[in-house]
Number of protein chains: 2
Amino acid sequence: MTKSQKPVPGRRVRGSATGRPVMVLLDLLGRRWVLRILWELRGPPLTFRALQAACGGLSPSVLNARLAELRDSLIVEQRPDEGYALTRQGRELLTQLAPLTAWSEKWAKSLG
Amino acid sequence: MTKSQKPVPGRRVRGSATGRPVMVLLDLLGRRWVLRILWELRGPPLTFRALQAACGGLSPSVLNARLAELRDSLIVEQRPDEGYALTRQGRELLTQLAPLTAWSEKWAKSLG
DNA sequence: ATTTTTGCTACGATTTCAGTAGCAAGAACA
DNA sequence: TGTTCTTGCTACTGAAATCGTAGCAAAAAT
């Protein structure tokens with residue numbers, strides 16, 4: 001009955017005994033599907049299944065695990081009758097990530 | 001003799017048949033240790049072992065796999081007699097990610 | 001009342017990662 | 001020259017994460 005390790009600032013995480021917030025964040029964001037999930041939630045709220053489809057049909061078990069972590073981290077919230085959405089905080093985080101689109105376009109060209 | 005799947009823009013990746021650059025990037029960045037490795041390379045070049053230590057002693061096999069992917073993606077380069085460093089492109093990418101530190105500080109407080 | 005949709009849980013198969021050991025090549029000594 | 005140390009990396013095994021599919025209970029739609 002091993003519970004998934006939720007990264008919490010102040011507590012040690014993978015590869016960092018200090019628990020510095022940015023390390024915790026990198027640990028959280030570095031888990032599979034997390035960036036993609038945040039990305040797909042940039043628009044209106046999505047239901048569990050819609051989000052699953054948007055992510056190309058990832059396992060519901062993994063999706064559920066990621067959503068639990070993101071809810072615990074107050075980045076994603078579940079709204080009754082609407083579905084999953086970013087919190088205000090989560091939306092700010094996504095804003096920080098937005099320039100990645102532009103960067104990735106240039107990057108793609110450089111890779112031919 | 002299965003080779004590691006390197007994400008390349010234009011080719012389909014996990015959960016995305018389109019191969020849109022940003023999806024490929026999210027796939028790449030979402031792999032374990034990638035964000036952390038980029039982060040640790042924000043300063044001067046690091047040797048393989050120094051980088052390994054900076055990441056808290058991750059497996060050399062995983063580090064080597066990640067470095068191969070990042071080199072193929074022209075984000076990291078290996079400089080003779082210096083070690084591993086970000087390319088110009090990779091440095092730009094890290095710049096996009098820099099605001100995450102500030103965000104993570106606020107985030108940590110909100111979770112406190 | 002029946003069918004659909006939704007939000008999940010269960011479970012076995014596969015892939016990835018962790019952790020340790022160790023080796024070949026080069027540099028630094030001696 | 002021979003020995004020791006460092007460096008970059010490969011090999012191997014066990015543990016953990018993820019995939020892919022099946023399916024179930026509750027709510028909504030028909």
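Letters A, B, ... are given to chains in the order of the sequence lines, protein chains preceding strands, and every chain is numbered from 1. This one's a predicted model, so the numbers in the text were calculated from it and none came from an experiment.
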- For B:Arg71 and D:dG8, what is the distance between atoms CZ and P respectively, to the nearest whole Å? 11 Å
- Task: Tell me which residues in residues 41-53 of chain B put a heavy atom below 4.0 Å from DNA chain D, sorted by number, or none.
- Result: B:Thr47, B:Phe48, B:Arg49
- Mapping A:Gly83 and A:Ser59 onto DNA chain C by nearest heavy atom, which one lands closer to the 5' end? A:Gly83
- Message: Restricting to non-hydrogen atoms, name the atom on B:Cys55 and the atom on B:Ile37 that form the minimum distance, rounded to 0.1 Å.
- Response: SG-CG1, 4.0 Å
- Message: Suppose we screen for ring-ring contact (aromatic ring centres under 6.0 Å, His included). Which residues come up paired with A:Trp103, at least two apart in sequence or across chains?
- Response: A:Trp107
- Message: Just verifying a value: how many Å separate B:Leu38 CG and B:Leu29 CG, rounded to the nearest 0.5 Å?
- Response: 6.5 Å
- Measure the distance from CG on B:Leu58 to P on D:dA16 and round it to the nearest whole Å. 18 Å
- Query: Expressed in angstrom and rounded to an integer, what is the separation of B:Arg31 atom CZ from C:dT16 atom P?
  - Reply: 8 Å
- To the nearest Å, how far apart are B:Leu63 CG and C:dA18 P? 11 Å
- Side chain of B:Asn64 only, please: which of D:dC19, C:dT9, D:dT10 is the nearest? D:dT10
- Query: Which pair of non-hydrogen atoms, one from B:Gln52 and one from B:Ser59, has the smallest distance, and what is that distance?
  - Reply: NE2-C, 4.3 Å
- Query: Thinking salt bridges, do A:Glu77 and A:Arg71 make one under a 4.0 Å N-O criterion?
  - Reply: no
- Item | Length of the CZ-C1' vector between A:Arg32 and C:dT14, whole Å | 12 Å
- Task: Find out whether A:Leu100 and B:Leu97 are in side-chain contact, i.e. whether some heavy atom of one side chain is under 4.5 Å from a heavy atom of the other.
- Result: yes
- Message: If you compare every side-chain N and O of A:Gln78 against the phosphate oxygens of C:dC8 (OP1, OP2), does one of them come in below 4.0 Å?
- Response: yes
- Task: Examine D:dA17: is either OP1 or OP2 under 4.0 Å from a nitrogen or oxygen in the side chain of A:Arg66? Give yes or no.
- Result: no
- Query: Whole Å only: how far is the CD atom of B:Glu82 from the P atom of D:dG8?
  - Reply: 12 Å
- Query: Any side-chain N or O of B:Trp33 under 4.0 Å from OP1/OP2 of C:dT16?
  - Reply: no
- Item | N-O pairing of A:Glu40 and A:Arg36 below 4.0 Å | yes
- Task: Provide, to the nearest angstrom, the distance between the CG atom belonging to B:Leu67 and the C1' atom belonging to D:dC9.
- Result: 11 Å
- Message: Any side-chain N or O of B:Tyr84 below 4.0 angstrom from OP1/OP2 of D:dC9?
- Response: yes
